[in-house]
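Quick note: residue numbers are just sequence positions, from 1.
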Amino acid sequence: MLKLGCFGVKNFLINLRGIWARAYVRIIVINREFSWLFFEVLFPLFPICAFAYMYKAMNAPADSQGFVLLGGAMVSVWLNVLWSMAAQFYWERETGNLSLYIMSPMNMMSVLLGMALGSIISAVLRIVIICAAGSFLFSVTMNVSSYFWLGMTFFITLAAVFCLGMALASLFLIYGRNAWNTLNIFMEPVFFLSGFYFPVKTLGYFFAALASALPVTLGLDAMRQLAFKIGPQTGLMPVPMELALLMLLSVIYFKAAQKFLEKLEHIARSEGRLILRWQ
């Protein structure tokens, strides 16, 4: 029993070091490649400015510009999930690192968790910069009902979104470029259905319910309800219900990531390849 316990502790420490090693790369690159941060912050500001000025020209409520600002900040999170999470295993295979991950003594889920942790930290930095710049440009005033629940909603949303990214990472690699091309096709529809630049409730409950499969839809709607005066009037459903659904989606996508990863490892170890072969 003592040996088994020691082995368990040793295995835990190995996986913990693997998580930190993979997260460290994402964290340190922020300080070494400021050009990436510049473009990833600047480009989301362009559609924010376009929609904000449109709402201003239409004499829409002032909170509408705040809706756009918050949605534009979450766009950077979604793009971070696509490029820094979903496509990462594909690029790791191209550069020859993926085989080293599979042969290492740590669990592959540690790699995904490290990727997610490092990406969350960089995503938070981008969101803070975008919100600060947008607030300066458009003088957005927030009417936060509860800073605690706003913060909780934000981090639960990030957790659910990056669990989805963890699931997509293995899925992209298993199915090769098919999944990659499909997601590129649906990138703009996701921007539309998630309500990045308008309240998702305006789509109608049928399409809004379909879009709720994306964690960013529910999280953004809940944060708008908590952060702006007219937020509760435009909300899709009560905030507690959206938080419960976000936590459920986190569990579902995390379990999906585990299943896809098991499939990936089975293909790699039993057949010596890393993609699904279509017959």
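Two residues are said to be in side-chain contact when any heavy atoms from C-beta on lie closer than 4.5 Å; F162 and L117 fail this criterion. Residues F154 and I127 meet the side-chain proximity criterion, which asks for heavy atoms closer than 4.5 Å. Between V75 and Y197 there is a side-chain heavy-atom pair separated by less than 4.5 Å. Counting only heavy atoms from C-beta outward, the side chains of I48 and F138 approach each other to under 4.5 Å. Side chains of D63 and Y55 form no contact here, defined as non-hydrogen atoms less than 4.5 Å apart. Between F254 and L113, the closest side-chain pair of non-hydrogen atoms falls below 4.5 Å. Put simply, the side chain of N143 does not reach to within 4.5 Å of the side chain of F228, judged on heavy atoms. Residues M54 and F51 form a side-chain contact, since some pair of their non-hydrogen atoms from C-beta on lies under 4.5 Å apart.
Side chain of T157 to backbone of T153: a donor-acceptor contact under 3.5 angstrom is found. At least one donor-acceptor pair closer than 3.5 Å links the side chain of S212 to the backbone N or O of A208. When atom types are taken as modelled, the side chain of N15 and the backbone of S110 share no donor-acceptor pair closer than 3.5 angstrom. Using a distance-only test at 3.5 Å, with no hydrogens or angles considered, no donor-acceptor pair links the side chain of R224 to the main chain of G219. With hydrogens and angles ignored, the 3.5 Å screen pairs no side-chain donor or acceptor of T234 with any backbone N or O of P199. Between the side chain of R22 and the backbone N or O of M115, no donor-acceptor pair lies under 3.5 Å.
The minimum heavy-atom distance linking Q233 with K201 is given by the pair O-NZ, 3.6 Å. Heavy atoms only, all atoms of each residue included: L112 and A169 are closest at CD2-CB, 3.8 Å. Residues Q225 and M237 come closest through the heavy atom pair NE2-O, 2.9 Å. Closest approach of F192 to L203, counting heavy atoms only: CZ-CD2, 3.4 Å.
Hydrophobic clustering (ILVMFWY, side-chain heavy atoms < 4.5 Å, transitive): M152 and V77 are in one cluster. A continuous path of hydrophobic side-chain contacts links L150 to L158 [ILVMFWY only; heavy atoms under 4.5 Å]. Under a hydrophobic-cluster definition in which Ile, Leu, Val, Met, Phe, Trp and Tyr are linked whenever side-chain heavy atoms come within less than 4.5 Å, directly or via other members, I230 and L226 are assigned to the same cluster. In the hydrophobic clustering of this structure, V239 does not group with L248; members are Ile, Leu, Val, Met, Phe, Trp, Tyr whose side-chain heavy atoms approach within less than 4.5 Å, directly or through other members.
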